[in-house]
K.L.:
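Once you've had a glance at the structure underneath, I'll fire off some questions.
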Amino acid sequence: MIDYLCNWALRDRIKGLIVDALLDMTREERLPAGVEDASFTVEKPRDPEHGDLASNVALVLGSRCKMSPREVAGQLKDVLEPVVRRDDYLETVEIAGPGFMNFRFAERYLSELLLSIGASRQGYGDWDWGEEKKVLVEFVSANPTGPLVLVQARSAALGDILCRLLSAVGYRASSEYYVNDAGRQVEKLGVSMQCRVRELTGEGEGSIPEDGYPGEYVRDLAREYLAEHGPEGDARRMGEFAVERLLQQHQDLLQRYGVEFDRWYRESEIRSRGEAEKVLEILRHRGYAYDEEGAVWLRATEFGDDKDRVLVKSDGSYTYLLPDLAYHRDKLERGFEWLIDILGPDHHGYVQRMRAGLDALGYDGESLEVVLSQWVRLLQGGEEISMSKRAGTFITMEELLEEVGVDAARFFFVMRSPSSPLDFDMDLAREQSSENPVYYAQYAHARICSVMREADGGEAADIMSRIREPEQLAAGLGHPSELALVRLLGDFPEEVLWAARSLEPQRVASYILDLAGAFHVFYTRCRILGEDPGVSAARLYLVDCCRLILARALDLLGVAAPRRM
RNA sequence: GCGCCCGUAGCUCAGUCAGGAUAGAGCAUCUGACUUCUAAUCAGGCGGUCGGAGGUUCGAAUCCUCCCGGGCGCACCA
């Protein structure tokens with residue numbers, strides 16, 4: 001339930017009116033019984049000429065009633081028209097095209113909508129849809145063995161924004177970063193560290209192993225290690241040192257990026273508590289783990305995976321899967337009902353086996369939902385910047401942020417569907433013009449703030465309190481660009497809900513651009529200050545609502561809403 | 001070979017999950033609009049076999065089948 005007015009609520013209202021009309025008509029035997037159960041839609045038509053909300057009910061019922069859709073629509077209209085006329089929020093119902101029924105909002109509704117936004121303030125667009133269910137979003141979870149790269153920057157933006165969205169629609173959303181501080185990769189990092197330390201102390205060339213970490217940052221870390229601990233210590237200790245340093249860097253960087261994790265969950269915690277062994281025990285007990293060729297296998301094929309998976313290697317060490325499975329079990333044991341993992345594109349083969357593992361443990365694998373974030377290509381001067389680590393030309397997340405800033409990075413990363421590969425245009429992201437979507441949107445906000453500063457009372461003026469009655473707004477507003485803007489404001493709640501439910505933050509980004517566009521059009525067409533006092537007051541109220549929603553929408557993306565630019 | 005993602009205007013992409021009316025936006029290009037609240041803006045023109053072929057439907061970019069192109073996976077790596 002929501003306590004504010006929005007276009008979504010009107011959709012329900014219209015749906016109800018149509019069902020009532022259908023029931024009346026079947027009672028009068030004008031339509032065959034049961035038609036009121038038909039699934040029809042009430043949606044915003046693409047073309048605004050077709051009204052504010054349109055229903056396909058007559059097209060759906062046409063063949064069932066053995067009538068042409070337009071005939072059904074005609075009969076429905078006869079019943080609906082008087083109802084619509086009595087309705088405060090609706091103006092007209094019309095039949096159009098092949099049999100669509102087009103509804104138009106009454107001015108009264110648009111005025112009350114604005115008042116409702118003014119009354120709800122930052123809460124406008126929030127829902128209780130998630131029913132306080134606990135959802136855990138795990139993202140980035142990069143190995144602490146090297147700098148964060150672009151695809152992780154994308155995941156970070158995505159995960160953080162999903163948390164914000166899920167909270168907005170009524171979930172209790174938590175964010176976690178799983179730190180692989182205990183696996184084989186960390187050992188390799190230690191060996192690479194040792195090589196670099198020896199190199200620095202002149203103890204030999206110490207060539208980095210084939211599967212080690214040749215990056216320059218390891219040399220830096222080795223230097224730091226020497227400065228703090230001298231040449232003492234084995235590879236293990238050096239590895240731990242490097243991991244802690246890198247982890248600290250990641251934490252700092254993500255914080256600068258506006259991404260807060262509720263918890264950094266270390267694999268070593270899982271291991272030291274014996275969670276992996278517990279999982280093995282449960283799996284054996286349930287008959288889904290078996291020994292073969294010296295290894296312990298998960299019977300993943302029982303649960304739809306392509307092949308069985310190794311949990312414990314023949315040398316006795318664990319695969320990545322086992323502790324990670326223990327971690328996911330731990331999430332469920334902590335009462336999270338919905339687990340969302342954001343993974344890179346190279347991990348999609350992993351989804352099946354994790355779900356299979358959860359099923360094998362007696363949980364519902366379906367409670368795990370994976371968002372695969374696709375690759376990021378960097379473009380500069382129209383050319384792709386090669387991402388070769390070997391050639392040393394790859395750009396880290398940190399470098400990207402230095403280049404384009406947090407706002408542009410976050411916005412660009414969620415402008416596209418996570419499942420689409422992203423071409424990140426660095427030149428565009430740096431551009432301070434309308435071509436840059438981030439600036440276009442932020443400029444709309446700054447422009448409104450500028451008007452408020454000019455307005456009587458200055459920036460602190462309480463515009464909202466000047467208008468109390470819908471009539472005041474109805475009298476002051478009327479220009480098509482004003483009405484279009486109000487309607488768009490009324491779309492905000494459903495955009496938030498859909499973006500959260502379908503885990504598609506790009507909807508919010510695209511809404512922001514639409515809203516900014518509608519505002520700029522209005523701004524060009526209509527003068528706000530210095531008009532008739534009633535008109536000025538109403539327009540100020542309108543742009544204040546617009547400012548409120550722009551700010552809230554940008555906030556959902558973690559992007560700043562500047563007051564001046 | 002199997003699995004996942006992508007294919008829509010010259011370029012970058014919305015729209016596909018939830019089928020609807022004449023397929024949208026930005027960029028590029030061309031033409032216009034600042035004595036007035038920020039021109040970091042707005043208006044208009046040009047531009048399409050929605051990768052292809054079948055099928056389902058009153059109606060398909062959207063659903064189903066097959067095919068073609070591009071990317072990525074298919075480890076006792078993570």
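Just the heavy atoms: all of them, side chains too, but no hydrogens, waters or symmetry mates, feed the values below. In what follows, chains carry the letters A, B, and so on, assigned in the order in which the sequence lines appear, proteins first and then strands, with residues in each chain numbered from 1.
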K.L.:
Could you go through the ring pair (Phe, Tyr, Trp, His ring centres under 6.0 Å) check for A:His479 and A:Phe522 one step at a time?
P.N.:
CA-CA 9 Å; A:His479 190 277; A:Phe522 156 76; 7.9 Å; no
K.L.:
Scan A:Ser420 against the nucleic acid and name what it touches under 4.0 Å (heavy atoms): base, sugar-phosphate only, or nothing.
P.N.:
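Here A:Ser420 touches the backbone only, sparing every base.
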K.L.:
Give A:Glu293 one of three labels, base, sugar-phosphate or nothing, depending on what nucleic acid heavy atoms sit under 4.0 Å from its own.
P.N.:
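It contacts base atoms.
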K.L.:
Taking 4.0 Å as the cut-off, does a side-chain nitrogen or oxygen of A:Arg447 come that near to OP1 or OP2 on B:A39?
P.N.:
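Affirmative; the distance criterion is met.
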K.L.:
Answer with base, sugar-phosphate or nothing: what part of the nucleic acid does A:His520 contact at a heavy-atom distance below 4.0 Å?
P.N.:
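Sugar-phosphate, no base atom in range.
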K.L.:
About how many Å separate CD1 of A:Ile342 and OG of A:Ser373, when rounded to the nearest 0.5 Å?
P.N.:
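Atom-to-atom, A:Ser373:OG and A:Ile342:CD1 are 7.5 Å apart.
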K.L.:
Need to verify one output field. Residue with the more 5' nearest nucleotide on RNA chain B, A:Met565 or A:Ser314?
P.N.:
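Final value for this comparison: A:Met565.
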K.L.:
With a non-hydrogen cut-off below 4.0 angstrom, is A:Ala54 in contact with a base, only sugar-phosphate, or nothing?
P.N.:
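A:Ala54: base contact, heavy atoms under 4.0 Å.
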K.L.:
For B:G10 and B:G54, measure between their C1' atoms and round to the nearest Å.
P.N.:
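Those two atoms are separated by 31 Å.
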K.L.:
Let me know the distance between NE2 of A:His348 and C1' of B:G3, rounded to the nearest Å.
P.N.:
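Roughly 6 Å, once rounded to whole Å.
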K.L.:
First locate atom CZ of A:Phe519, then atom CG of A:Leu485, and finally report the distance between them rounded to the nearest 0.5 Å.
P.N.:
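Taking CZ in A:Phe519 and CG in A:Leu485, the distance rounds to 8.0 Å.
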K.L.:
Pick base, sugar-phosphate or nothing for A:Cys526, based on heavy-atom distances below 4.0 Å to the nucleic acid.
P.N.:
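Answer is base: heavy atoms of A:Cys526 come under 4.0 Å of a base.
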K.L.:
Could you tell me how far B:C64 sits from B:U56 if I compare only their P atoms? Round to whole Å.
P.N.:
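Roughly 15 Å separates the two P atoms.
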K.L.:
Give A:Arg309 one of three labels, base, sugar-phosphate or nothing, depending on what nucleic acid heavy atoms sit under 4.0 Å from its own.
P.N.:
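Touches nothing.
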K.L.:
Report which part of the nucleic acid A:Thr319 touches: base, sugar-phosphate, or nothing (heavy-atom distance under 4.0 Å, all strands).
P.N.:
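The residue A:Thr319 makes sugar-phosphate contact but no base contact.
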K.L.:
Does A:Glu176 form a side chain to side chain donor-acceptor pair (under 3.5 Å) with A:Tyr327? I'd like the steps, not just the answer.
P.N.:
CA-CA 11 Å; A:Glu176 285 188 8; A:Tyr327 172 46; 2.6 Å; yes
K.L.:
Taking any strand in view, what nucleotide pairs with B:G1 in a Watson-Crick or G-U wobble way, both distances under 3.5 Å?
P.N.:
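WC or wobble partner is B:C74.
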K.L.:
Is the closest side-chain donor-acceptor distance between A:Asn180 and A:Glu267 under 3.5 Å?
P.N.:
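Yes, a side-chain donor-acceptor pair sits under 3.5 Å.
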K.L.:
Go ahead and name the base partner of B:U36; Watson-Crick or wobble counts if both distances stay under 3.5 Å, otherwise write none.
P.N.:
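Across any shown strand, B:U36 pairs with none.
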K.L.:
A:Arg353 near the nucleic acid: base, sugar-phosphate alone, or nothing, with a heavy-atom cut-off under 4.0 Å?
P.N.:
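Base, at least one base heavy atom under 4.0 Å.
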K.L.:
What's A:Tyr440 touching, base or sugar-phosphate or nothing? Going by heavy atoms closer than 4.0 Å.
P.N.:
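Here A:Tyr440 touches the backbone only, sparing every base.
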K.L.:
Considering every strand and a 4.0 Å limit on heavy-atom distances, what is the contact class for A:Arg539: base, sugar-phosphate, or nothing?
P.N.:
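Since no nucleic acid heavy atom lies under 4.0 Å of A:Arg539, the category is nothing.
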K.L.:
Does B:A60 have a Watson-Crick or wobble mate here (both distances under 3.5 Å), and if so which one?
P.N.:
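Partner of B:A60: none found under 3.5 Å.
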K.L.:
For a quick check of understanding: with a heavy-atom distance under 4.0 Å over all strands, which category does A:Asn102 fall into, base, sugar-phosphate or nothing?
P.N.:
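The residue A:Asn102 makes base contact.
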K.L.:
If the P atom of B:G26 is compared with that of B:G44, how far apart are they to the nearest Å?
P.N.:
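Between the two P atoms, the distance is 10 Å.
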K.L.:
By a 5.5 angstrom centroid cut-off and a 30 degree plane limit, is there stacking between A:His347 and B:G73?
P.N.:
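So no, this residue does not stack on that base, at least one cut-off failing.
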K.L.:
Relative to the 5' end of RNA chain B, which residue comes earlier, A:Gln185 or A:Asn56, by the nucleotide with the nearest heavy atom?
P.N.:
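The residue mapped nearer the 5' terminus is A:Asn56.
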K.L.:
Between A:Arg184 and B:A78, is there a side-chain N or O to OP1/OP2 distance below 4.0 Å?
P.N.:
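So the side-chain polar atoms of A:Arg184 never come under 4.0 Å of the phosphate oxygens OP1 or OP2 of B:A78.
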K.L.:
Would you please determine if the base of B:A21 is stacked by A:Phe100, with stacking meaning a centroid separation under 5.5 angstrom and planes under 30 degrees?
P.N.:
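So A:Phe100 counts as stacking on the base.
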K.L.:
Using a cut-off of 4.0 Å on non-hydrogen atoms, how would the nucleic acid contact of A:Ala444 be classed: base, sugar-phosphate, or nothing?
P.N.:
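Since no nucleic acid heavy atom lies under 4.0 Å of A:Ala444, the category is nothing.
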K.L.:
Can you see whether A:His347 engages A:Asp341 through a side-chain donor-acceptor pair at a distance of less than 3.5 angstrom?
P.N.:
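No, no side-chain donor-acceptor pair sits under 3.5 Å.
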K.L.:
Could you identify the nucleotide paired to B:U65, looking across every strand shown and requiring Watson-Crick or G-U wobble geometry with both distances under 3.5 Å?
P.N.:
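Check on B:U65: paired to B:A53, both distances under 3.5 Å.
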K.L.:
Applying the Watson-Crick and G-U wobble criteria at under 3.5 Å, what pairs with B:A9? Answer none if nothing qualifies.
P.N.:
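Check on B:A9: unpaired, no WC or wobble geometry under 3.5 Å.
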K.L.:
Under the side chain to side chain donor-acceptor pair (under 3.5 Å) criterion, do A:Asp407 and A:Gln442 qualify, and how do the steps go?
P.N.:
CA-CA 10 Å; A:Asp407 288 344; A:Gln442 291 181 320; 3.0 Å; yes
K.L.:
Tell which nucleotide pairs with B:G48, taking only Watson-Crick or G-U wobble pairs whose two distances are both under 3.5 angstrom.
P.N.:
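Pair assignment: B:G48 / none.
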K.L.:
Are OP1 or OP2 of B:C77 and a side-chain N or O of A:Lys313 less than 4.0 angstrom apart?
P.N.:
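Yes, such a contact exists.
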K.L.:
So what does A:Ser417 hit on the nucleic acid, given a heavy-atom distance under 4.0 Å: a base, only sugar-phosphate, or nothing?
P.N.:
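Since only primed, P, OP1 and OP2 atoms lie under 4.0 Å of A:Ser417, the category is sugar-phosphate.
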